[in-house]
Student: 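My questions will all concern the structure given below.
Sequence lines set the chain letters: A, B, ... in the order given, protein chains first and strands last, and positions in each chain run from 1.
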2 protein chains.
Amino acid sequence: MPTPSMEDYIEQIYMLIEEKGYARVSDIAEALSVHPSSVTKMVQKLDKDEYLVYEKYRGFSLTTKGNKIGKRLVFRHDLLEQFLKIIGVKDENIYNDVEGIEHHLSWDSIERIVDLVQFFQEDETRIEALKEIQRQNEAD
Amino acid sequence: MPTPSMEDYIEQIYMLIEEKGYARVSDIAEALSVHPSSVTKMVQKLDKDEYLVYEKYRGFSLTTKGNKIGKRLVFRHDLLEQFLKIIGVKDENIYNDVEGIEHHLSWDSIERIVDLVQFFQEDETRIEALKEIQRQNEAD
DNA sequence: CCTAAAAGTTTACTATAGAAAAAAATTAGT
DNA sequence: ACTAATTTTTTTCTATAGTAAACTTTTAGG
């Protein structure tokens, strides 16, 4: 099992590869707001644990295992963003909150949140009713 | 700002004091599944940061600041348990998930979850509709 | 009231993860 | 193709939080 921090890296690497075809140390450092030296260290660990194949100075690519996990992590991340958006969390809080919680929810909870998102998406009046409650609660 | 780990201790100490009138090192160690030596160390840090007043070998009590924060942490914890329960997360996953995410949500998100819990509590048919979606999604 | 058990504390150690600075390899410009 | 700039890596250091074992203090039983 990857640690939360390892998940951050796998997720980010997966996204970079999806979007640009490759992932470089400096891109990851930039995206995660850490220093390149931290990235190198973690990439070496992810290689050891077989989430990716690392070649010093040359780059790396996800293994089948790493790719599969990356895909799920991105799915989970996107789902949680959607969820917080739907319930009305301010945009400026969404990224940090998702970043914080994504590594700590069981897949049971994730599946229940899938259902919940669907619940709101399949009937607009539900979102309206929630917004009405929010308006009332604001007045305190 | 307390770290997640500090929050765990403050929350636990608050609950113990509420329920038994005092909190001992060994109770906290037991509740948080850590060793007594870890508790002592953290208690000393919480004293330094003025969340509690620590007297070696004698015990400790929350400061006004610590008490206020403890109350909010317990509220937040209980709210998240309620939320996961309502959306149908299995009991055996709820504690760990809450333990994991509680330290990572902005108060904005917490307030939106308050609204969401109210949304489901004030109209049983909404929970029913959600459960219906869950039944459909199970069939895959 | 004194000693054994229980509770709490200290010290020295572990692991994770990140940073800073120096060193090495790669790449780009001429 | 060579040198300069960029990128990556290594090494040494930091902080947090936990453990183990030795130690001290408190408390409870006789």
Student: How far does CG of B:Leu73 sit from OH of B:Tyr9, to the nearest 0.5 angstrom?
Tutor: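 With rounding to 0.5 Å, CG (B:Leu73) is 14.5 Å from OH (B:Tyr9).
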Student: Any carboxylate oxygen within less than 4.0 angstrom of a Lys/Arg side-chain nitrogen, looking at B:Asp49 and B:Lys45?
Tutor: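 Looking at B:Asp49 and B:Lys45, the cut-off is not met.
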Student: Distance check needed: D:dT16 P versus B:His103 NE2, whole Å only.
Tutor: 17 Å
Student: For nucleotides 7-12 of chain D, tabulate all protein N/O to nucleotide N/O atom pairs closer than 3.5 Å, reporting atom names and distance.
Tutor:
{"unit_1": "D:dT8", "atom_1": "OP2", "unit_2": "A:Ser26", "atom_2": "N", "d": "2.9"}
{"unit_1": "D:dT8", "atom_1": "OP2", "unit_2": "A:Ser26", "atom_2": "OG", "d": "3.0"}
{"unit_1": "D:dT9", "atom_1": "OP1", "unit_2": "A:Tyr54", "atom_2": "OH", "d": "2.5"}
{"unit_1": "D:dT9", "atom_1": "OP1", "unit_2": "A:Tyr57", "atom_2": "N", "d": "2.8"}
{"unit_1": "D:dT9", "atom_1": "OP2", "unit_2": "A:Thr40", "atom_2": "OG1", "d": "2.9"}
{"unit_1": "D:dT9", "atom_1": "O5'", "unit_2": "A:Tyr54", "atom_2": "OH", "d": "3.3"}
{"unit_1": "D:dT9", "atom_1": "O4'", "unit_2": "A:Tyr57", "atom_2": "OH", "d": "3.4"}
{"unit_1": "D:dT10", "atom_1": "OP1", "unit_2": "A:Lys56", "atom_2": "NZ", "d": "2.9"}
{"unit_1": "D:dT10", "atom_1": "OP2", "unit_2": "A:Gln44", "atom_2": "NE2", "d": "2.6"}

Student: So, A:Glu132 and A:Arg135, do they make that salt bridge, N to O below 4.0 Å?
Tutor: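 The answer is yes: the pair qualifies as a salt bridge.
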Student: Can you tell me how far apart CG (A:Leu84) and CG (A:Asp91) are? Round to the nearest 0.5 Å.
Tutor: 10.5 Å
Student: Looking at A:Arg76 and A:Glu7, is any side-chain nitrogen of the basic one under 4.0 Å from a carboxylate oxygen of the acidic one?
Tutor: yes
Student: Under 4.0 Å from any heavy atom of chain B: name the first and the last nucleotide of DNA chain C that qualifies, 5' to 3'.
Tutor: C:dG8 to C:dT10
Student: Can you tell me if NZ on B:Lys131 sees more than 12 non-hydrogen neighbours from other groups inside 6.0 Å?
Tutor: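 Yes, the 6.0 Å shell around NZ holds more than 12 heavy atoms from other groups.
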Student: Looking only at the aromatic ring of each residue, does the gap between the centers of A:Tyr14 and A:Phe75 stay below 6.0 angstrom?
Tutor: no
Student: Does D:dG18 have OP1 or OP2 under 4.0 Å away from a side-chain N or O of B:Tyr9?
Tutor: yes
Student: Grouping I, L, V, M, F, W and Y whenever their side-chain heavy atoms are under 4.5 Å apart, do A:Leu130 and A:Val114 come out in a common cluster?
Tutor: yes
